Number of protein chains: 2
Amino acid sequence: MNEPSLTGGREAKRRTILESAVRVFAENGFFAARIRDIAAGAGVAEGTIYLYFDGKDDLLLTAFREKVNEFCASVRDVLPSELSFEQRLARFIRLQFESIEADPALATVLLLESRQSSKFYGGAVRDVLKLYAQAIDELLGSGGAENALREGVAIPLARRMLIGLLEEIELEWLLGDRSRPLVPLADRVADTFYRGLAPAP
Amino acid sequence: MNEPSLTGGREAKRRTILESAVRVFAENGFFAARIRDIAAGAGVAEGTIYLYFDGKDDLLLTAFREKVNEFCASVRDVLPSELSFEQRLARFIRLQFESIEADPALATVLLLESRQSSKFYGGAVRDVLKLYAQAIDELLGSGGAENALREGVAIPLARRMLIGLLEEIELEWLLGDRSRPLVPLADRVADTFYRGLAPAP
DNA sequence: CGCCGGTGAGTGATGGCTCATTCATGGCGC
DNA sequence: GCGCCATGAATGAGCCATCACTCACCGGCG
């Protein structure tokens, strides 16, 4: 009885509102986004939003947590496979690109607002991003464990490079021409990055 | 007589205002920044700002253009040297890191706001960023010309990777602990990225 | 008939920008 | 030299539009 779930429930409306918020944030940016538009997009009154969320900030933060958790999951999905480090890396990048293509609006919000948010909202956002960083460190660490990393490669630095280069590629796709799919780039990106880390053969 | 220049001039006040704006933008973010605070920081009245700039947006855009031009210059400084591609790459990254360390407030504004701006302010910002992209393409192209790039490395993709990984490293430094200097990382970053591009030996 | 999720007009705060006024400057007639 | 006025830079108190958020009211369901 603790599960209202199927179709009609409170949870469904909550999701509708959140999805509308993400769309409006993605289109206008967080600051320019108006609660009125989010309400209109969700087909509810302004007041209703405050029955489900604590306000504009909460809407952003919630969307955030959701997507980052999805990203983290995609890292951990890849970890325990029997593939080589190089293949796991490629697979992780492909998964991430797929998740960007699957929900571009949410991805736009995440990539466009995360920097601001982490500086100006502080704690909560930063904690969420830390999870993502840890997940990637694990992936890279697993490469180190099987001697796929050259001597002198520092994992935190490599992690920052990887996060950054993926972000830039994803962002250019999101803000630019989305007709060419993103996923086919994954192998080339993984290849270049992997060669940067690998021991000389 | 057309040169007022030395010390007192109009230009000096213009710069004072712009510098104050950059500081306030960096501290609070563009949207939360108040004209009142910019004025206070520059030691002028609010109205004065509008004698020198067209408004808040113009302040941001002007700061922008300035820093990007500086970045572009640092690429072009490096191009015509007799160093190897690998060394030019390292030198470029070092120059860029130095320029970040030299004016962290301006760099913060640039890195934190550029994404938003390019999406929501459109044209003007995007044109400026295109210059930067072109400059980097030249650098990478010069590597291709001396066979320092592996077959199948696409310059636009490599450019995005380079821009992204630098941004992330710079941003983590700007938002985090600035006590450890950034410049010493340049060689390791250049090394890793270069190995990613270089032909197998 | 009472309860409660939902409503949307209203409120209060905020902050970009304006413009009537003040002030500093320097050229000019005496 | 000495006042006097024209010029325009500088000022900052308000104006006004914009929203996030609230709350008194509504209507349908059990």
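What you see is a predicted model, and the numbers here were worked out from it, not measured in a lab. The figures here come from the full heavy-atom set of this structure, side chains too, leaving out hydrogens, waters and symmetry mates. Note on naming: letters A, B, ... go to the chains in the order of the sequence lines (proteins, then strands), and numbering restarts at 1 for each one.
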Whole angstrom is fine here: how far is it from CG in A:D37 over to C1' in D:dC19?
11 Å
What is the distance, to the nearest angstrom, from the CG atom on A:D58 to the C1' atom on D:dC21?
14 Å
Give B:A32 one of three labels, base, sugar-phosphate or nothing, depending on what nucleic acid heavy atoms sit under 4.0 Å from its own.
nothing
Which part of the nucleic acid does B:A33 contact within heavy-atom distance under 4.0 Å: base, sugar-phosphate only, or nothing?
sugar-phosphate
B:L51 atom CG is separated from C:dT18 atom C1', nearest whole Å, by 11 Å
What integer distance in Å separates B:F30:CZ from C:dG15:P?
13 Å
C:dG6 OP1/OP2 closer than 4.0 Å to side-chain N/O of A:Y50
no
When you get a sec, tell me which of C:dG16, C:dG5, D:dA20 is the closest nucleotide to the side chain of A:Y52?
C:dG5
Phosphate contact (C:dG6 OP1 or OP2) by A:T48 side-chain N/O below 4.0 Å
no
With the side chain defined as heavy atoms from C-beta on, B:R34 is closest, among D:dC21, C:dG16, C:dT7, to C:dG16
Mind calculating the distance between CD1 (B:I49) and P (C:dG15) to the nearest angstrom?
15 Å
Expressed in angstrom and rounded to an integer, what is the separation of B:F31 atom CZ from C:dT14 atom C1'?
15 Å
CZ of B:R195 to OG1 of A:T192: how many Å apart, nearest 0.5 Å?
14.5 Å
Expressed in angstrom and rounded to an integer, what is the separation of A:N28 atom CG from D:dC19 atom P?
10 Å
For B:A158 and B:F193, which heavy atoms make the closest approach, and how far apart are they?
O-CZ, 3.6 Å
side-chain contact (heavy atoms from CB on, under 4.5 Å) with A:E170: which of A:L111, A:L185, A:L165?
A:L111
Using a cut-off of 4.0 Å on non-hydrogen atoms, how would the nucleic acid contact of B:I35 be classed: base, sugar-phosphate, or nothing?
sugar-phosphate
Looking at D:dA10, D:dT11, C:dT18, which one has an atom nearest to any side-chain atom of B:K13?
D:dA10
I need the B:L83 CG to B:R91 CZ distance, nearest 0.5 Å.
7.0 Å
Testing A:T108, A:L110, A:D103 for side-chain contact (heavy atoms from CB on, under 4.5 Å) with A:L106, which one passes?
A:D103
What is the distance, to the nearest angstrom, from the CZ atom on A:R36 to the C1' atom on D:dA17?
12 Å
Can you work out whether A:E46 or B:D54 has the more 5'-proximal nearest nucleotide on DNA chain C?
A:E46
